[in-house]
Amino acid sequence: MVRLRAYRSEDEDSVVTLWWNSWHSIREGLRHPHSFANWCARWASEIAIKQEIVIAENDGVVVGFAAADVAAGVLTQIFVDPTRKRQGVGGELLTWAMKLMPQGFSLHTLVDNTASRAFYERHGLLAGKRGISLINGMATVEYHWPGGARLT
């Protein structure tokens with residue numbers, strides 16, 4: 001059974017590895033332009049110390065996580081272990097974000113990430129403008145959850 005809990009510093013290795021593996025599972029052949037070491041540094045300097053983070057855990061194993069910049073109203077990260085997708089973990093994480101930011105929030109995902117885009121749309125998020133990620137140079141689409149709506 002999956003349970004959500006607060007992030008702890010000892011989760012860092014598991015979370016960054018899951019983040020890396022999940023991002024690279026978006027589509028065959030997808031490679032991020034930055035190294036794993038760069039992801040570790042970004043986690044430590046931009047995410048872990050500045051954002052609200054929740055861990056999805058099953059029998060002591062990290063199976064997903066989400067991170068939010070609450071002040072900005074942005075769900076900056078939501079990732080699930082590739083072997084645990086379509087098992088409700090993402091829905092639990094999205095519900096956490098909706099409760100954390102009931103006034104609404106936005107998030108960005110790759111245009112190529114068709115599975116996540118379908119997931120967001122199934123859960124009532126609305127697709128918005130497209131752009132280019134400053135982190136990886138890839139095409140993105142912005143999604144919005146307007147707040148107040150219930151997770152479907």
Side-chain angles (χ1 to χ4, degrees), residues 2 4 7 11-48 50-58 61-70 72-147 149-152:
V2 172
L4 299 185
Y7 171 78
D11 296 321
E12 184 172 335
D13 290 342
S14 296
V15 170
V16 177
T17 299
L18 182 148
W19 183 27
W20 176 267
N21 291 339
S22 183
W23 193 93
H24 285 90
S25 74
I26 291 170
R27 69 167 165 76
E28 186 71 32
L30 182 63
R31 300 301 329 141
H32 198 279
H34 297 287
S35 69
F36 182 77
N38 180 271
W39 281 48
C40 292
R42 182 170 167 231
W43 178 266
S45 67
E46 296 178 25
I47 300 170
K50 297 178 182 177
Q51 298 181 23
E52 295 287 329
I53 304 167
V54 69
I55 300 296
E57 183 177 70
N58 187 53
V61 176
V62 175
V63 296
F65 76 94
D69 180 339
V70 177
V74 178
L75 181 60
T76 64
Q77 310 293 330
I78 181 169
F79 285 91
V80 174
D81 181 305
T83 66
R84 296 299 305 261
K85 290 186 177 180
R86 304 194 66 80
Q87 296 178 18
V89 178
E92 292 287 327
L93 294 168
L94 197 56
T95 297
W96 169 83
M98 291 172 169
K99 290 177 181 175
L100 184 67
M101 298 178 284
Q103 74 286 358
F105 59 85
S106 64
L107 64 85
H108 291 86
T109 192
L110 295 181
V111 169
D112 285 354
N113 196 347
T114 56
S116 289
R117 293 179 62 199
F119 168 79
Y120 299 139
E121 291 169 15
R122 267 194 322 274
H123 288 88
L125 279 75
L126 307 171
K129 64 183 175 183
R130 291 185 180 214
I132 300 295
S133 169
L134 298 176
I135 303 289
N136 59 39
M138 297 176 185
T140 62
V141 60
E142 183 175 54
Y143 277 87
H144 300 274
W145 181 66
R150 295 182 53 87
L151 181 64
T152 57

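In this text, all values refer to a predicted model and were calculated from it rather than measured experimentally. Numbering starts at 1 and runs along the sequence shown.
Smallest separation of non-hydrogen atoms from L125 and M98: CD1-CE, 4.1 Å. The nearest pair of heavy atoms linking V63 to R84 is CG1-NH1, 3.6 Å.
Each ring-ring contact (aromatic ring centres under 6.0 Å, His included) pair with one or both residues in residues 81-112, not counting sequence neighbours, appears once here: F105-W145. A salt bridge (Lys or Arg N to Asp or Glu O under 4.0 Å) check over residues 104-115, counting only residues at least two apart or in different chains, returns the pairs R27-D112.
With S133 contributing its side chain and M138 its backbone, the two residues share no donor-acceptor pair below 3.5 Å.
In this view, S35 satisfies the side chain to side chain donor-acceptor pair (under 3.5 Å) rule with no residue, not counting sequence neighbours. Residues passing the side chain to side chain contact (heavy atoms under 4.5 Å, CB included) test with L126, sequence neighbours excluded: none. With sequence neighbours excluded, the residues that form a salt bridge (charged side-chain N to carboxylate O under 4.0 Å, His left out) with E46 are R42. Annotation: side chain to side chain contact (heavy atoms under 4.5 Å, CB included) contacts of N21 (sequence neighbours excluded): T17. D13 is linked by a salt bridge (charged side-chain N to carboxylate O under 4.0 Å, His left out) to nothing, counting only residues two or more places apart in sequence or in another chain. Partners of T76 by side chain to side chain donor-acceptor pair (under 3.5 Å), not counting sequence neighbours, listed by chain and number: Q51. D11 meets the salt bridge (charged side-chain N to carboxylate O under 4.0 Å, His left out) test with R5; sequence neighbours excluded. Remark: E52 engages no residue in a side chain to side chain donor-acceptor pair (under 3.5 Å) (not counting sequence neighbours). For E12, there are no side chain to side chain donor-acceptor pair (under 3.5 Å) partners, not counting sequence neighbours.
W39 has its ring centre no less than 6.0 Å from the ring centre of F79.
Distance check, rounded to the nearest 0.5 Å: CG of N58 to CG of D81 gives 10.5 Å.
For the side-chain contact (heavy atoms from CB on, under 4.5 Å) with F65, the lone residue among L18, V89, V54, L93 that qualifies is L18. Of the residues I55, V61, V62, the one that meets the side-chain contact (heavy atoms from CB on, under 4.5 Å) test with S14 is V62.
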Run the side-chain donor-acceptor check on residues 113-120: report pairs under 3.5 Å with partners two or more places apart or on a different chain.
unit_1, atom_1, unit_2, atom_2, d
N113, OD1, S116, N, 3.3
N113, OD1, S116, OG, 3.2
N113, ND2, T109, OG1, 3.3
N113, ND2, S116, OG, 3.2
R117, NE, Y143, OH, 3.2
R117, NH1, V111, O, 3.2

